Amino acid sequence: MIPIVSRLCLFLGMPAFEETILSFFETIPEYYGCQTEVSITLCDDPSQTELHDATWMIATFELARAAYRHRGDRLMMEGPGFYFELSASRLCHFHQKGRHKFEFIEDYGNGLFRLTKIRFESIY
């Protein structure tokens, strides 16, 4: 039996990359109510481990909701006092870095990338 995410992606003609992201957003409700840390880095080379020349920020909030916004093609997350979006059309990398840790890279062109790391403090 093909899982529902795979069936949906096959129906929509989505490759495995999009299927993985869709799967992440289908399972994200298990983190609702969890403390969530979002680290955002603007850089010219996301493969560099030393990001001294990058601009970055970190925010912590309690995850209340996540969804896909069709208008604008955005993946969004929000909690009290915090709202964040990823551009689905600009995503070039998605990887689970560990239990409850995820990494997204968006390519904004002209050598500008946004590296977003999300860490959930599990209630389990």
Side-chain angles (χ1 to χ4, degrees):
M1 176 153 214
I2 300 174
I4 191 165
V5 173
S6 297
R7 285 185 302 202
L8 178 61
C9 289
L10 287 173
F11 175 74
L12 296 174
M14 293 179 169
F17 178 70
E18 285 87 354
E19 180 179 340
T20 305
I21 295 165
L22 181 60
S23 179
F24 167 76
F25 271 86
E26 279 190 341
T27 60
I28 203 169
E30 72 186 52
Y31 296 112
Y32 288 1
C34 291
Q35 278 298 108
T36 304
E37 180 184 273
V38 175
S39 167
I40 301 169
T41 306
L42 295 177
C43 59
D44 58 6
D45 185 357
S47 67
Q48 292 294 323
T49 56
E50 296 294 324
L51 295 172
H52 297 294
D53 294 327
T55 300
W56 58 278
M57 58 90 51
I58 295 176
T60 303
F61 64 101
E62 184 178 301
L63 182 64
R65 187 170 86 100
Y68 174 75
R69 183 167 59 85
H70 289 282
R71 181 172 239 152
D73 198 23
R74 301 286 190 255
L75 304 165
M76 54 79 61
M77 299 171 66
E78 67 180 314
F82 189 80
Y83 181 88
F84 172 71
E85 292 185 335
L86 291 162
S87 172
S89 62
R90 295 188 178 271
L91 284 174
C92 60
H93 172 82
F94 171 74
H95 186 71
Q96 184 166 355
K97 301 295 278 186
R99 191 166 187 224
H100 315 298
K101 296 178 183 179
F102 303 89
E103 180 179 274
F104 297 86
I105 299 177
E106 296 162 275
D107 184 349
Y108 282 90
N110 296 322
L112 177 64
F113 296 89
R114 181 167 76 166
L115 169 63
T116 302
K117 296 180 180 181
I118 300 172
R119 182 177 59 86
F120 301 103
E121 290 185 17
S122 176
I123 55 176
Y124 304 106

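Here the structure is a predicted model, which is why all the values come from computation and not from measurement.
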Applying side-chain hydrogen bond (donor to acceptor under 3.5 Å, both in side chains) to R90 and not counting sequence neighbours gives none

Check side-chain hydrogen bond (donor to acceptor under 3.5 Å, both in side chains) between S39 and all other residues, then give those that pass, not counting sequence neighbours.
none

Heavy-atom closest pair, residues P29 and F25
CD-O, 3.9 Å

Straight-line distance of L42 CG to T116 OG1, nearest 0.5 Å
8.5 Å

Test ring pair (Phe, Tyr, Trp, His ring centres under 6.0 Å) applied to F84 - qualifying residues, sequence neighbours left out
none

Would you sort out whether F104 and I118 count as a side chain to side chain contact (heavy atoms under 4.5 Å, CB included), showing the intermediate values?
CA-CA 8 Å; F104 297 86; I118 300 172; 3.6 Å; yes

Taking only residues at least two apart or on different chains, which pairs with a member in residues 104-114 satisfy salt bridge (charged side-chain N to carboxylate O under 4.0 Å, His left out)?
E106-R114

Looking at side-chain heavy atoms only, is the closest gap between R69 and E85 below 4.5 Å?
yes

Using the ring pair (Phe, Tyr, Trp, His ring centres under 6.0 Å) criterion, which residues pair with Y31? Sequence neighbours excluded.
H100, F120

T27: what forms a side-chain hydrogen bond (donor to acceptor under 3.5 Å, both in side chains) with it, not counting sequence neighbours?
none

Examine L75 and F24 and state if one hydrophobic cluster contains both, with Ile, Leu, Val, Met, Phe, Trp and Tyr joined whenever side-chain heavy atoms are less than 4.5 Å apart.
yes

Rounded to the nearest 0.5 Å, how far apart are CZ of F94 and OG of S23?
8.0 Å

Please name the residue in the list T55, I105, L115 that meets the side-chain contact (heavy atoms from CB on, under 4.5 Å) test with T41.
L115

Who pairs with E103 by side-chain hydrogen bond (donor to acceptor under 3.5 Å, both in side chains), at least two apart in sequence or on another chain?
H93

Which distance, rounded to the nearest 0.5 Å, do you find between the CZ of F113 and the CG of D44?
8.5 Å

Tell me the closest heavy-atom pair linking M76 and Y83, and the distance in Å.
CE-CE1, 3.3 Å

Give the table of side-chain donor-acceptor pairs shorter than 3.5 Å for residues 58-68, with sequence neighbours excluded, one pair per line with atom names and distance.
from : atom 1 : to  : atom 2 : distance (Å)
R65  : NE     : E78 : OE2    : 2.7
R65  : NH2    : E78 : OE2    : 3.0
Y68  : OH     : D73 : OD1    : 2.2

Using the rule that two of Ile, Leu, Val, Met, Phe, Trp, Tyr join whenever any of their side-chain heavy atoms come within less than 4.5 Å, decide whether F82 and M77 are in one cluster.
yes

